[in-house]
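Data first, discussion second: the structure below is written as C-alpha cells.
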Amino acid sequence: MLVLLAGIFVVHIATVIMLFVSTIANVWVVSDIMQASVGLWKNCTSGGCESILSYASEDALKAVQAFMILSIIFSVISLVVFVFQLFTMEKGNRFFLSGATMLVCWLCVMVGVSIYTHHYASGYGTNYLTSHHGYSFILTWICFCFSFIIGVLYLVLRKK
C-alpha cells in the first residue's frame with residue numbers, strides 16, 4: 001500500500017510539473033516551414049518571442065488561459081490536501097477530498113484543451129501555412145489522462 005501511495009504521489013507531482021510546463025511554454029502549435037511556434041501567451045520565432053498574439057483579444061484564448069491556470073491551482077491544492085490527509089486522517093477512510101479536487105483539475109484541463117483544440121489547433125491565427133501540434137499541447141493531453149487516473153485512484157484508495 002505504501003508503494004502504491006508513493007507511486008501516486010510521484011505521478012501527481014509529475015502531473016503538476018507537466019501542467020506548469022505546458023501552460024508556460026509557447027509551443028502549442030509549431031510551424032512546419034520555419035522555426036516558429038505559438039503558445040497561450042506569446043508568438044515565438046527564431047528571432048525571439050513577441051508578447052502579442054494575433055488572436056490575444058479573443059474570448060476563447062482567455063478561457064483556455066483561465067482553465068489552464070485553474071487546473072494548476074486545483075492540482076496543487078489536491079496535492080497539499082492529499083499530504084494533509086495522509087498524516088491526519090484515520091485508518092480506513094478514503095481520500096475523497098483529494099480525489100474530488102483532482103477531478104476538478106481534470107475537468108479544467110478537459111475544458112481548456114478542448115476549447116484550444118476546437119479553435120486553434122488547426123493553426124488558426126498563426127499565419128502558418130502548415131503546422132503541427134507542439135509538445136505543450138501533447139503534454140496537456142497527457143496531464144488530462146493522468147489527472148483523471150489520479151483522481152479516481154484517490155477516490156478508491158483507503159488509508160491503511
Of all the heavy-atom pairs spanning [X] and [Y], show the shortest one and how long it is.
X	Y	value
Thr88	Phe84	OG1-O, 2.7 Å
Phe144	Met110	CE1-CB, 3.4 Å
Ser75	Val16	OG-CG2, 3.0 Å
Thr15	Phe146	OG1-CB, 3.4 Å
Cys143	Leu19	SG-N, 3.6 Å
Ser98	Ser78	O-OG, 2.9 Å

Any heavy-atom pair between the side chains of [Y] and [X] that's under 4.5 Å?
X	Y	result
Ile149	Trp106	no
Tyr135	Val21	yes
Leu155	Leu103	yes

Inset, instruction - Nearest 0.5 Å please: distance from the CD1 atom of Ile150 over to the CE atom of Met102. - result: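 If we round to the nearest 0.5 Å, Ile150:CD1 and Met102:CE are 4.5 Å apart.
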Inset, instruction - Drop me the distance from Ile17's CD1 to Ser22's OG, to the nearest 0.5 angstrom. - result: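 Rounded to the nearest 0.5 Å, the CD1-OG separation comes out at 12.0 Å.
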Legend entry - Residue pair Phe67, Leu107: steps toward the side chain to side chain contact (heavy atoms under 4.5 Å, CB included) verdict: CA-CA 9 Å; Phe67 278 111; Leu107 188 66; over 6 Å; no
Is there a donor-acceptor pair closer than 3.5 Å between any side-chain N or O of [X] and the backbone N or O of [Y]?
X	Y	value
Asn26	Val38	no
Ser71	Met68	yes
Gln65	Trp41	no
Thr23	Phe20	no

Legend entry - Stepwise side chain to side chain contact (heavy atoms under 4.5 Å, CB included) check, Thr101 with Phe82: CA-CA 10 Å; Thr101 310; Phe82 172 69; over 6 Å; no
Inset, instruction - Establish, yes or no, whether a centroid distance under 6.0 Å links the rings of Tyr154 and His12. - result: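 Ring centres of His12 and Tyr154 closer than 6.0 Å.
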Inset, instruction - Please work out whether the ring planes of His133 and Phe137 are parallel, tilted or perpendicular, with thresholds of 30° and 60°. - result: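 Parallel.
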Legend entry - Step-by-step side chain to side chain contact (heavy atoms under 4.5 Å, CB included) determination, Ser37 to Trp28: CA-CA 7 Å; Ser37 64; Trp28 283 63; over 6 Å; no
